[in-house]
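The structure appears below as structure tokens.
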Amino acid sequence: MKDDNRTGLGRGSLNNWGEKGNINYVLRPGYEVAYAEHDDIQYDGILLCRDRSNLGFTEEELESSMNPQPEMVRLHFELVDNMCKEAPEGPWVDEATSKALKRYGNVIVGDSISRDVIVPASMSLHALHYVIQQCFGWQNAHLHAYQLPEAQFKALTSSGVKDWTRLVGLLLRSPLMDEQEQFWDDDYETGSFKTYLRKKYKWPQADLCGGETYRYCKRDMKALADRIGKAKFTVEWADIDGEETVISCYAARDRNGKMAKRPGFMSVDRVTRTETMPFTDLPARALVYLFEADTKALLERLPIGEILAFGKDGLVSDGHALDIGEYYCKSCNQFINDVDAANETEDGLRFMDDDDGDDDGDGDGDGDDDGEDAGWEEAMYSPQPHIPPVADHIFYNYDFGDDWCVRISGSHNCVDLVKQGRVKQENIDEALQQYIKKGLPTCIARDGLNVMDDVGGLGGFIEFLETVNGTDESEKESMLEWAAGMGWSKRKVAPKNVL
């Protein structure tokens with residue numbers, strides 16, 4: 001295959017396959033479309049990034065379109081059980097849960113409730129949050145966060161807090177970010193909630209969370225180092241399932257300089273090892289005991305196409321494996337080197353470190369907050385570092401009480417959906433047309449009912465389904481009335497109408 005590096009256009013041949021002939025693909029730099037035997041991946045319906053001229057638009061329509069056609073990718077959202085989510089292969093729910101969802105939850109194809117959507121690779125995780133809310137029927141009523149798979153987080157922070165500090169601002173949120181910063185976009189008042197969500201993921205999208213900028217994250221890390229960089233902490237380990245794991249971490253001395261008392265939430269009988277060390281030498285696992293905020297949360301200004309590595313020939317979970325050496329960052333050092341390489345060609349991009357000797361981030365060198373607004377504006381509108389993909393899937397956690405978890409993976413095509421007879425090329429073309437005309441992503445496959453807020457997570461939702469499908473008419477009526485008030489309906493919705 002030959003690529004034109006100036007335009008991102010390449011030509012792939014589907015000769016002797018239907019009447020397609022030569023078709024244009026819009027490719028991300030560095031990616032190639034790989035072909036195998038006809039019965040493997042050469043199906044109608046694999047083209048996510050067709051040339052716009054093949055989509056039936058007139059020249060006038062293309063010229064008048066306000067929405068560019070970026071690289072489009074297919075994402076697979078699947079509700080998973082937190083106890084099973086780290087398994088290397090699915091199913092990511094237990095057998096009883098899967099059986100109940102198939103019996104009562106209209107799950108037909110997979111093991112759990114899932115959605116497949118076509119979105120631009122440039123969509124931020126922040127905008128994607130609203131897509132997920134719409135896809136599953138939630139009401140954006142609770143906190144949420146994105147996280148890496150545990151194995152990948154451990155690999156990137158193998159040297160502990162030193163590595164974690166380097167990742168804050170590039171990949172991870174600062175735990176010192178003002179709590180209100182994450183609510184900067186929550187401005188719903190009245191009217192259709194679905195329309196409100198749609199406005200949040202329609203192109204173009206803004207991301208005005210100043211606390212997520214590289215400059216402000218690094219300012220937080222500097223403040224953290226100045227405040228507790230030399231303090232000593234006591235770390236305790238225990239043997240859990242055959243692995244030594246940090247079970248507590250606390251300051252070795254109190255504010256008065258006296259030896260601190262050990263927290264009483266963990267039995268001392270389980271402790272296998274205790275060590276006192278400075279903050280910078282702590283294992284990354286210890287951070288969870290020192291901050292209320294999530295120290296593993298991903299920056300939501302990041303585009304999905306930067307954070308997620310896509311399988312070349314389909315969803316990774318369907319047997320189309322990634323080249324681990326090429327797509328996985330195995331260490332923090334490798335990641336930082338890849339970040340530097342990704343930004344070498346970005347004209348005018350500069351990292352927003354404070355070189356002026358002040359701590360306030362305003363660049364005036366006086367160390368006070370007189371220029372806070374100016375500093376915020378400079379941080380917001382300066383180029384942010386680009387990063388390479390770091391994982392083949394990530395997790396979206398919603399409502400930390402109900403503990404919902406969505407596994408997000410992706411691909412550059414829809415091979416598996418085509419094989420299942422759920423998607424045709426015309427469906428994909430309609431999705432691309434939808435984006436060019438209206439700037440909206442499209443859901444192309446839907447398996448299972450919507451869920452709802454405050455039902456008790458996946459387990460509570462199954463109990464709800466068993467109740468409304470049971471024999472107690474009074475309890476059934478009461479439960480359905482409550483569910484309707486939560487915006488839930490058993491009505492089947494065509495995938496294209498979800499978003």
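These numbers were taken from a predicted model, which means no experiment stands behind them. If you read the sequence from its start, that first residue is 1, and numbering goes on from there.
When atom types are taken as modelled, the side chain of Asn82 and the backbone of Asp403 share a donor-acceptor pair closer than 3.5 angstrom. A donor-acceptor pair is defined here as one N or O able to donate and one able to accept, closer than 3.5 Å; such a pair exists between the side chain of Gln133 and the backbone of Asn140. Side chain of Ser112 to main chain of Leu79: a donor-acceptor pair is present (N/O by atom type, distance under 3.5 Å, no hydrogens or angles). With Tyr435 contributing its side chain and Pro120 its backbone, the two residues share no donor-acceptor pair below 3.5 Å. Formation of a donor-acceptor pair under 3.5 Å by the Arg301 side chain with backbone atoms of Glu212 is found in this model. A donor-acceptor pair is defined here as one N or O able to donate and one able to accept, closer than 3.5 Å; no such pair exists between the side chain of Asp111 and the backbone of Pro91. Checking side-chain atoms of Glu86 against main-chain N and O of Glu150 turns up a donor-acceptor pair under 3.5 Å. In this structure, Glu306 contributes its side chain and Ile387 its backbone to a donor-acceptor pair below 3.5 Å. With hydrogens and angles ignored, the 3.5 Å screen pairs a side-chain donor or acceptor of Trp164 with a backbone N or O of Thr295. Without hydrogens or angle criteria, Thr442 side chain to Ile118 main chain gives no donor-acceptor distance under 3.5 Å.
To the nearest 0.5 Å, the span separating NE2 on His126 from CD on Gln182 amounts to 11.0 Å. Here the CZ atom belonging to Phe153 is positioned 8.0 Å from the CG atom belonging to Leu148, to the nearest 0.5 angstrom. In this structure, CG on Leu499 lies 11.0 Å from CD1 on Ile444, to the nearest 0.5 angstrom. Atom OG1 of residue Thr213 and atom CD of residue Glu181 lie 8.5 Å apart, to the nearest 0.5 angstrom. Put simply, OH on Tyr130 and SG on Cys135 are 15.0 Å apart, with the number rounded to the nearest 0.5 Å. A distance of 9.5 Å separates OG1 in Thr276 from CD in Glu236, rounded to the nearest 0.5 Å.
Across all non-hydrogen atoms, the minimal contact from Ile428 to Cys414 is CD1-SG, 3.9 Å. Among all heavy-atom pairs drawn from Phe395 and Cys405, the shortest one is CD2-SG, 3.7 Å. For Thr272 against Ala238, the heavy-atom pair with the smallest separation is OG1-CA, 3.6 Å. In terms of heavy atoms, Val235 sits closest to Pro283 at CG1-CG, 4.5 Å. In terms of heavy-atom proximity, Pro303 sits nearest to Ala121 at CB-O, 3.7 Å. The two atoms that bring Lys85 and Trp92 nearest to each other are O-CD1, 3.6 Å, heavy atoms only.
A salt bridge is absent between Lys424 and Asp429: the closest approach of a Lys/Arg side-chain nitrogen to an acidic carboxylate oxygen does not fall below 4.0 angstrom. With salt bridges taken as basic N to acidic carboxylate O contacts below 4.0 Å, none links Arg173 and Asp294. Under 4.0 Å is where a charged nitrogen must lie from a carboxylate oxygen, and between Lys154 and Glu243 at least one such pair does.
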For Lys199 and Asp185, what are the C-alpha separation, side-chain angles and deciding distance, and is it a salt bridge (charged side-chain N to carboxylate O under 4.0 Å, His left out)? CA-CA 11 Å; Lys199 290 180 180 178; Asp185 205 19; over 6 Å; no

Let me see the working for Arg227 and Leu176 under side-chain contact (heavy atoms from CB on, under 4.5 Å), right down to the final yes or no. CA-CA 12 Å; Arg227 193 171 75 205; Leu176 302 184; 4.2 Å; yes

Between Tyr289 and Val246, is the side-chain contact (heavy atoms from CB on, under 4.5 Å) condition met? List the steps. CA-CA 10 Å; Tyr289 300 103; Val246 174; 4.0 Å; yes

Tell me, with the steps shown, if Tyr201 and Val119 meet side-chain contact (heavy atoms from CB on, under 4.5 Å). CA-CA 10 Å; Tyr201 54 72; Val119 303; over 6 Å; no

Stepwise side-chain contact (heavy atoms from CB on, under 4.5 Å) test for Phe233 and Ile228: CA-CA 10 Å; Phe233 293 84; Ile228 62 173; 4.2 Å; yes

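The closest side-chain heavy-atom distance from Val131 to Leu75 is not below 4.5 Å. For the pair Asp220 and Leu224, the minimum side-chain heavy-atom distance is 4.5 Å or more. With contacts defined as side-chain heavy-atom distances shorter than 4.5 Å, the pair Val423/Asp116 does not qualify. Counting heavy atoms from C-beta outward, Val406 and Val80 have side chains that stay 4.5 Å or more apart. Side-chain contact check for Ile307 versus Leu171: some heavy-atom pair is nearer than 4.5 Å. Taking 4.5 Å as the limit, every side-chain heavy atom of Glu300 sits out of range of all side-chain heavy atoms of Leu128. Between Cys443 and Val117 the shortest side-chain heavy-atom distance falls below 4.5 Å. At a threshold of 4.5 Å between non-hydrogen side-chain atoms, the residues Arg285 and Thr245 count as touching.
A donor atom on one side chain and an acceptor atom on the other are not found under 3.5 Å apart for His386 and Asn343.
A centroid separation of 6.0 Å or more is found between the aromatic rings of Trp138 and His144.
Between Tyr398 and His142, the ring planes lie perpendicular to each other; the angle is over 60°, past the 30° to 60° tilted range.
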